[in-house]
Engineer: 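After the structure tokens below, expect a handful of questions from me.
As the structure is a computational prediction, the values presented were derived from the model and not from experiment.
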Amino acid sequence: MITVHGFEPVFDSDSEVLILGSFPSVKSRQISFYYGNRQNRFWKVLCSYFGDNIPETVGGKIKFLTDRKIALWDMVTECEIVGSRDETIKNYKIADLKILLPNSKIKYIILNGSKAYSIFCERYGDVSIPYIKLPSTSPANTRFNEKEWYDALSAAFKRA
């Protein structure tokens with residue numbers, strides 16, 4: 001099995017809310033940006049929360065995130081993986097949040113799914129920043145709950 005690499009974080013010094021996924025899907029890796037599978041609910045939920053259309057380009061998505069003070073990254077920066085399935089992730093490297101946290105204004109962390117949450121807790125569970133685990137936006141998650149995402153985003157942006 002070969003090692004696959006994820007993406008650099010999207011953030012700037014004004015970022016206040018950090019959303020952490022697990023690792024990019026095959027479709028995301030094909031387009032070299034987060035949540036590239038059109039069936040994934042991530043962009044739909046995030047954009048509809050703000051009352052916006054989903055940007056068509058990577059540049060548009062980056063602008064959408066930075067304009068709303070949202071940072072985006074994955075907990076795993078490289079790993080061995082079968083397809084897009086989180087349960088097959090092994091021999092992984094964890095994101096170094098020391099790259100992002102001291103260089104931003106993060107006040108709230110949202111973890112997109114169980115794998116992101118468990119890896120986050122493994123390394124960063126004692127962080128002083130409030131964080132929450134949400135149901136994965138993956139199309140494979142049959143228990144996705146849009147209201148949980150809206151509630152968490154509302155809480156995040158009240159704090160931010």
Side-chain angles (χ1 to χ4, degrees), residues 4-79 81-89 92 95 97 99-101 104-120 129-160:
V4 183
H5 298 270
F7 311 134
E8 293 296 314
V10 174
F11 78 103
D12 65 21
S13 60
D14 292 326
S15 297
E16 296 181 356
V17 175
L18 172 59
I19 302 175
L20 292 165
S22 55
F23 191 75
S25 69
V26 169
K27 289 188 179 181
S28 296
R29 296 190 306 262
Q30 287 169 348
I31 68 159
S32 299
F33 198 66
Y34 298 94
Y35 304 101
N37 181 342
R38 291 192 181 270
Q39 300 305 312
N40 191 299
R41 303 169 188 101
F42 179 81
W43 290 111
K44 178 182 175 249
V45 170
L46 196 60
C47 292
S48 68
Y49 174 80
F50 287 101
D52 291 322
N53 293 320
I54 299 171
E56 291 296 318
T57 64
V58 169
K61 289 174 181 172
I62 292 171
K63 183 175 180 353
F64 172 88
L65 294 168
T66 54
D67 284 354
R68 286 152 190 83
K69 301 182 179 185
I70 299 170
L72 182 60
W73 205 5
D74 284 318
M75 284 309 309
V76 174
T77 59
E78 68 179 63
C79 66
I81 187 170
V82 176
S84 302
R85 296 186 357 242
D86 280 357
E87 65 272 11
T88 68
I89 292 173
Y92 57 88
L97 296 184
I99 293 168
L100 191 149
L101 296 178
S104 64
K105 299 173 184 166
I106 300 299
K107 297 176 182 154
Y108 198 74
I109 299 171
I110 294 172
L111 296 143
N112 187 355
S114 297
K115 188 69 168 186
Y117 178 77
S118 66
I119 294 172
F120 177 85
I129 300 167
Y131 58 91
I132 185 170
K133 174 184 130 185
L134 291 179
S136 171
T137 57
S138 166
N141 180 14
T142 57
R143 289 174 284 169
F144 177 75
N145 185 326
E146 192 169 291
K147 183 181 181 322
E148 282 184 66
W149 270 85
Y150 279 20
D151 290 349
L153 290 167
S154 292
F157 287 98
K158 282 180 189 167
R159 295 173 196 261

Engineer: Using the rule given for side-chain contact (heavy atoms from CB on, under 4.5 Å), can you reason through Ser15 versus Ile106, listing the C-alpha separation, both sets of side-chain angles and the distance that settles it, and then say yes or no?
Structural biologist: CA-CA 6 Å; Ser15 297; Ile106 300 299; 4.0 Å; yes
Engineer: Students often mix this up, so state it plainly: with edges at 30° and 60°, are the rings of Trp43 and Tyr35 parallel, tilted or perpendicular?
Structural biologist: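 Perpendicular.
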Engineer: Using side-chain hydrogen bond (donor to acceptor under 3.5 Å, both in side chains) as the criterion, list what pairs up with Ser136, not counting sequence neighbours.
Structural biologist: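 With sequence neighbours excluded, Ser136 shows a side-chain hydrogen bond (donor to acceptor under 3.5 Å, both in side chains) to no residue whatsoever.
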Engineer: For Thr137 and Asn40, indicate whether the former's side chain and the latter's backbone hold a donor-acceptor pair under 3.5 Å.
Structural biologist: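 Pair absent, no side-chain N/O of Thr137 close to backbone of Asn40.
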Engineer: Does OH belonging to Tyr117 count more than 12 external heavy atoms closer than 6.0 Å?
Structural biologist: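 No, not enclosed.
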Engineer: Which residues pass the salt bridge (charged side-chain N to carboxylate O under 4.0 Å, His left out) test with Asp12, not counting sequence neighbours?
Structural biologist: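 Asp12 satisfies salt bridge (charged side-chain N to carboxylate O under 4.0 Å, His left out) with no residue once adjacent residues are dropped.
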Engineer: Please report, to 0.1 Å, the donor-acceptor pairs under 3.5 Å made by any side chain of residues 47-56, with sequence neighbours excluded.
Structural biologist:
from, atom 1, to, atom 2, distance (Å)
Ser48, OG, Lys44, O, 2.9
Ser48, OG, Val45, O, 3.1
Ser48, OG, Tyr150, OH, 2.5
Tyr49, OH, Ser154, N, 3.4
Tyr49, OH, Ser154, OG, 3.4
Asp52, OD2, Arg68, NE, 3.3
Asp52, OD2, Arg68, NH2, 2.4

Engineer: Any side-chain heavy atom of Phe11 within less than 4.5 Å of one from Leu18?
Structural biologist: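 No, too far: nothing below the 4.5 Å cut-off.
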Engineer: Quick check: Tyr131 with Phe120 (ring centres under 6.0 Å apart)?
Structural biologist: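 Ring centroids of Phe120 and Tyr131 are less than 6.0 Å from each other.
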Engineer: Report yes if some heavy atom in the side chain of Trp149 is under 4.5 Å from a heavy atom in the side chain of Pro135; otherwise report no.
Structural biologist: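 Of all side-chain heavy-atom pairs linking Pro135 with Trp149, at least one is under 4.5 Å.
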Engineer: Examine distances only and state if a side-chain atom of Asp74 and a backbone atom of Val76 form a donor-acceptor pair shorter than 3.5 Å.
Structural biologist: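 Such a contact is absent between Asp74 side chain and Val76 backbone.
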Engineer: Under 4.5 Å between any side-chain heavy atoms of Ile129 and Leu101, yes or no?
Structural biologist: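 Counting from C-beta outward, Ile129 and Leu101 do come under 4.5 Å.
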Engineer: Side chain of Arg41, backbone of Ser138: donor and acceptor closer than 3.5 Å?
Structural biologist: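 Pair found, side chain donor or acceptor close to backbone of Ser138.
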Engineer: Compare all side-chain heavy atoms of Tyr34 with those of Ser28 and state whether any distance is below 4.5 angstrom.
Structural biologist: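 SC-SC contact between Tyr34 and Ser28 ruled out.
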Engineer: Atom NZ of Lys107 and atom NZ of Lys158: how far apart are they, to the nearest 0.5 Å?
Structural biologist: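 Result: 15.5 Å between the selected atoms.
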Engineer: Any non-hydrogen side-chain atom of Leu153 less than 4.5 Å from a side-chain atom of Leu46?
Structural biologist: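 Leu153 vs Leu46: side chains touch.
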